[in-house]
Amino acid sequence: MKPCASNHPKITRHAGFTLLELLVVLAILALLGGLVGPRIMGALGGAKTKTATVQAKNLENAVKTFYLDVGRYPTAAEGLTALTARPATAPGWNGPYLEKNAVPQDPWGRDFIYQIPGQHGDVDIYSLGADGQPGGEGENADVGNW
């Protein structure tokens with residue numbers, strides 16, 4: 001008679017990763033993140049600036065359509081809300097002049113600034129950039145319809 005084979009499964013010692021292997025992988029990921037991360041964040045900032053420029057131009061077009069209908073630009077007191085809600089002193093108003101019937105915020109979550117008369121044209125519509133302060137460079141620069 002043959003001896004019985006053991007019913008116990010073999011235990012292997014190589015099931016999983018060692019701590020050293022995990023540390024090497026984490027180090028490689030950290031190096032890749034350090035090289036690629038700043039480029040991606042820079043592109044994201046540039047995209048927000050371009051988005052703000054497009055939004056300001058769209059708001060300017062809506063203001064010009066308001067002008068064609070009413071015969072004047074919205075006053076400083078009426079602001080950009082005149083594009084979505086009829087001002088009391090705006091005969092011929094044929095709005096709303098914006099999609100979704102709402103004035104959009106800039107990509108940084110702040111309201112666009114409406115200035116009449118503008119320094120760059122009849123009206124200025126602009127964002128103060130990422131820092132929310134006048135002036136600046138790069139992503140912090142003012143972005144408008146000019």
Side-chain angles (χ1 to χ4, degrees), residues 7-146:
N7 289 335
H8 300 289
K10 285 187 174 182
I11 298 174
T12 59
R13 296 182 61 137
H14 300 290
F17 297 104
T18 65
L19 180 60
L20 182 60
E21 290 169 328
L22 289 174
L23 289 174
V24 168
V25 169
L26 287 174
I28 291 170
L29 289 174
L31 287 172
L32 286 174
L35 294 173
V36 176
R39 288 186 181 174
I40 291 173
M41 294 309 289
L44 179 62
K48 284 187 174 187
T49 300
K50 288 176 185 172
T51 299
T53 302
V54 169
Q55 286 178 311
K57 294 282 187 181
N58 287 341
L59 289 169
E60 178 186 30
N61 289 336
V63 166
K64 286 180 178 180
T65 305
F66 179 98
Y67 179 86
L68 291 173
D69 288 345
V70 179
R72 63 172 177 82
Y73 291 111
T75 64
E78 293 168 344
L80 295 174
T81 57
L83 302 174
T84 59
R86 180 182 183 155
T89 60
W93 189 87
N94 196 25
Y97 298 96
L98 297 173
E99 291 181 25
K100 300 181 184 175
N101 198 20
V103 179
Q105 290 189 316
D106 71 10
W108 299 279
R110 293 185 293 275
D111 292 334
F112 279 91
I113 298 169
Y114 175 73
Q115 190 174 38
I116 183 168
Q119 296 176 349
H120 303 277
D122 293 329
V123 296
D124 287 350
I125 301 167
Y126 61 99
S127 165
L128 295 176
D131 64 355
Q133 301 296 318
E137 294 180 13
E139 192 177 336
N140 294 330
D142 298 349
V143 180
N145 63 323
W146 49 81

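In this chain, numbering begins with 1 at the start of the sequence shown.
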Gap separating the [atom1] atom of [X] from the [atom2] atom of [Y], nearest 0.5 angstrom:
| X | Y | atom1 | atom2 | value |
| --- | --- | --- | --- | --- |
| Y73 | E78 | OH | CD | 14.0 Å |
| Q119 | Y126 | CD | OH | 7.0 Å |
| T81 | R86 | OG1 | CZ | 14.5 Å |
| E139 | K48 | CD | NZ | 7.0 Å |
| L59 | N145 | CG | CG | 8.5 Å |
| N61 | L83 | CG | CG | 11.0 Å |

Qualifying residue, where the test is side chain to side chain contact (heavy atoms under 4.5 Å, CB included) with L98 and the options are T65, V103, N58, L80
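The option that passes is V103.
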
Report the residue from D106, D124, L128 that forms a side chain to side chain contact (heavy atoms under 4.5 Å, CB included) with I113.
L128

Where do [X] and [Y] come nearest, in terms of heavy atoms and distance?
| X | Y | answer |
| --- | --- | --- |
| Q133 | D142 | O-OD1, 3.5 Å |
| F66 | A90 | CZ-CB, 4.3 Å |
| W93 | A82 | NE1-O, 2.8 Å |
| A56 | I125 | CB-O, 3.6 Å |
| P74 | G79 | CB-O, 3.5 Å |

Should the heavy atoms of other residues, nucleotides or ligands under 6.0 Å from CD of E21 be counted, would the total exceed 12?
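For E21, atom CD is crowded (more than 12 foreign heavy atoms under 6.0 Å).
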
If you define the side chain from C-beta out and look only at heavy atoms, does anything of Q55 sit under 4.5 Å from K50?
no

If we only count heavy atoms from C-beta on, is the Y97 to T84 side-chain gap below 4.5 Å?
no

N101: what forms a side chain to side chain donor-acceptor pair (under 3.5 Å) with it, not counting sequence neighbours?
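For N101, no residue satisfies side chain to side chain donor-acceptor pair (under 3.5 Å) once neighbours in sequence are set aside.
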
